[in-house]
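These notes concern the structure reproduced below.
By convention in this document, chain letters (A, B, ...) are assigned in the order of the sequence lines, proteins followed by strands, and residues within each chain are numbered from 1.
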Amino acid sequence: MPELPEVETTRRLIHDQIVDRTITDVLVTRDRMLRRQERPADFRSRLSGRRIIGTSRLGKRLHILLGGDLVWLVHLGMSGRLSTADRTSKAPPHTHVRVGLDDGSEIRFTDPRTFGYTMVVTQDELDELTTMGPDAWTDPPTADELGARLERRTAPIKALLLDQTIVAGVGNIYADETLFAAGIDPRRAGGTLTESDIDSLLAALRRVLEAGIEAGGTTLSDMAYLLPDGRSGEFVTELAVYGREEEPCPRCGDLIRRDVIRGRSTFWSPTCQR
DNA sequence: AACGATCCCTGTTGGC
DNA sequence: TGCCAACAGGGATCGT
């Protein structure tokens, strides 16, 4: 599902296809996808005729930078996919937004479960959106900064890693993989992590995200996530614990356990993670 | 303020 | 084999 590595992979793959193109058409066939746009009519009017000048990403949010200081924002939710294709080809099921470009192609936003959303905002509006913490990959916090954010927190570290206001981009899969790589029990209260734990956590986060991006993200068998070119993300073969309940831990051989923490499946190795 | 529960949505899965 | 309830999860929102 789309977490930071999946969104970053998506960004890289569509970047060259869309930059320097001009938007000619906008077709929205499911209004729900615009639910975060204050005035849904703005979506179409702000995109039409606009030139795409770049792309960026903050956490799991993809930004398509437009002329006129506007930002086309796409959040893939849990089943969203962004792709480009010739506009005469058949769009996949659950394609809710199609944005035509001046070379005959179009950008498609497809999302079966509709947890994703898209909107076009001004720079001012962007600043007012829910505050996100620093990006886990491009702007990771220092150990001191993360330590300060975790101090006295009683929520489990697993839950705090998923909190986008602490660090942005980590979802359920990469949170579990990071805690495993760092050897930290996901149930531990955030405030109980030592300096050394936090060092391990940040190093593990870096390694796990790097491997995830390198592999083109994670495509689970039951998930709709595909890269913009239709390929699967290959990180699934590198998952150490996620989805591996009752399988032997790759480090100690003891069985991997699944607990529900804050309503989210959490896979971990009780022997390796303390 | 911090925390945890609930809800949104639909394809897939698993139990009967 | 076929049906259907349960499940999955990011993040907004709400109650405590």
Side-chain angles (χ1 to χ4, degrees), chain A residues 1-8 10 29-38 57-63 73-82 92-97 109-119 121 125-126 128-133 135-136 146-179 186-193 209 212 217-226 232-233 235-236 239 241-246 258-268:
Chain A
M1 55 219 62
E3 301 181 26
L4 189 156
E6 290 75 29
V7 178
E8 177 61 17
T10 297
T29 51
R30 186 141 178 166
D31 292 342
R32 173 178 156 78
M33 306 315 289
L34 304 185
R35 65 192 179 283
R36 295 202 59 197
Q37 181 101 52
E38 201 165 331
R57 182 189 54 71
L58 178 57
K60 301 170 193 171
R61 219 167 60 191
L62 181 62
H63 296 166
L73 199 151
V74 179
H75 194 298
L76 299 174
M78 69 170 289
S79 61
R81 178 183 167 202
L82 214 55
H94 307 291
T95 297
H96 310 306
V97 178
F109 182 22
T110 306
D111 184 6
R113 296 182 197 179
T114 71
F115 278 20
Y117 63 84
T118 186
M119 61 201 298
V121 297
E125 289 167 342
L126 187 63
E128 289 167 14
L129 290 177
T130 319
T131 37
M132 251 196 262
D135 188 81
L146 184 58
R149 306 302 299 273
L150 298 181
E151 207 173 4
R152 285 187 297 277
R153 300 291 298 259
T154 59
I157 184 62
K158 165 66 185 280
L160 296 173
L161 270 182
L162 295 179
D163 181 343
Q164 304 299 297
T165 68
I166 293 177
V167 77
V170 180
N172 209 34
I173 295 174
Y174 295 93
D176 282 3
E177 293 298 312
T178 295
L179 287 168
R187 304 167 304 176
R188 279 177 58 191
T192 68
L193 267 65
L209 291 176
T218 304
T219 297
L220 297 177
S221 58
D222 65 332
M223 283 295 149
Y225 170 74
L226 291 173
S232 294
F235 192 64
V236 62
L239 295 176
V241 288
Y242 186 85
R244 298 193 183 281
E245 183 180 12
E246 299 293 304
R258 173 181 178 273
D259 286 307
V260 175
I261 297 178
R262 264 285 247 307
R264 296 286 176 260
S265 287
T266 300
F267 300 92
W268 62 294

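Residue A/His75 has a polar side-chain atom (N or O) positioned under 4.0 Å from OP1 or OP2 of C/dG11. In terms of phosphate contacts, A/Arg262 brings no side-chain nitrogen or oxygen within less than 4.0 Å of OP1 or OP2 of B/dA5. Applying the 4.0 Å criterion to OP1 and OP2 of C/dG9, one finds that A/Ser79 has every side-chain N and O outside that range. Look at A/Tyr242 and you'll find a side-chain N or O under 4.0 angstrom from OP1 or OP2 of C/dG9. Contact annotation: A/Gln164 reaches the phosphate of C/dG11 (side-chain N/O to OP1 or OP2, under 4.0 Å).
One can place CG of A/Leu162 at 12 Å from P of B/dG4, the figure rounded to the nearest angstrom. If you measure from atom CZ of A/Arg187 to atom P of B/dC3, you get 18 Å, rounded to the nearest angstrom. Taking atom CG of A/Asp176 as the reference point, atom C1' of C/dA8 lies 14 Å away to the nearest angstrom. When rounded to the nearest whole Å, the span between CG of A/Leu58 and P of C/dG11 equals 11 Å. Separating the CD1 atom of A/Ile261 from the P atom of B/dG4 is a distance of 10 Å, rounded to the nearest angstrom. Separating the CZ atom of A/Arg258 from the C1' atom of C/dG9 is a distance of 12 Å, rounded to the nearest angstrom. Taking atom CD of A/Glu6 as the reference point, atom P of C/dG9 lies 13 Å away to the nearest angstrom. Whole-Å rounding puts the A/Leu76 CG to C/dA8 P distance at 22 Å.
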Could you walk me through whether A/Arg149 and A/Asp163 satisfy the side-chain contact (heavy atoms from CB on, under 4.5 Å) test, starting with their C-alpha distance in whole Å, then the side-chain angles of each, then the deciding distance to 0.1 Å, before giving a yes or no?
CA-CA 11 Å; A/Arg149 306 302 299 273; A/Asp163 181 343; over 6 Å; no
Between A/Leu129 and A/Met119, does the side-chain contact (heavy atoms from CB on, under 4.5 Å) criterion hold? Intermediate values first, please.
CA-CA 11 Å; A/Leu129 290 177; A/Met119 61 201 298; 4.2 Å; yes
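Residues A/Lys158 and A/Asn172 meet the side-chain proximity criterion, which asks for heavy atoms closer than 4.5 Å. Side-chain contact between A/Leu73 and A/Arg36: absent, with no pair of heavy atoms (C-beta onward) separated by less than 4.5 Å.
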Short heteroatom pairs, N/O only, protein and nucleotides 7-10 of chain B, under 3.5 Å:
unit_1, atom_1, unit_2, atom_2, d
B/dT10, OP1, A/Arg30, NH1, 3.3
B/dT10, OP1, A/Arg30, NH2, 2.7

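Classification of the A/Tyr242-A/Phe267 ring pair by plane angle, with boundaries at 30° and 60°, yields perpendicular.
Scored by the side chain to side chain contact (heavy atoms under 4.5 Å, CB included) test, A/Arg262 finds A/Ala155, A/Ala159 as partners (sequence neighbours excluded). For A/Phe115, the ring-ring contact (aromatic ring centres under 6.0 Å, His included) criterion is met by no residue, not counting sequence neighbours. Partners of A/Arg187 according to the side-chain hydrogen bond (donor to acceptor under 3.5 Å, both in side chains) rule, which considers only residues two or more places apart in sequence or in another chain, are A/Asp185. A/His96 pairs by the ring-ring contact (aromatic ring centres under 6.0 Å, His included) definition with nothing, not counting sequence neighbours.
Remark on the helix from B/dA2-C/dT16 to B/dC16-C/dG2: inter-end axis angle 50°, axes from five-pair C1' superpositions, rounded to 10°.
Across all strands, A/Pro93 comes closer than 4.0 Å to no nucleic acid atom at all (heavy-atom distances).
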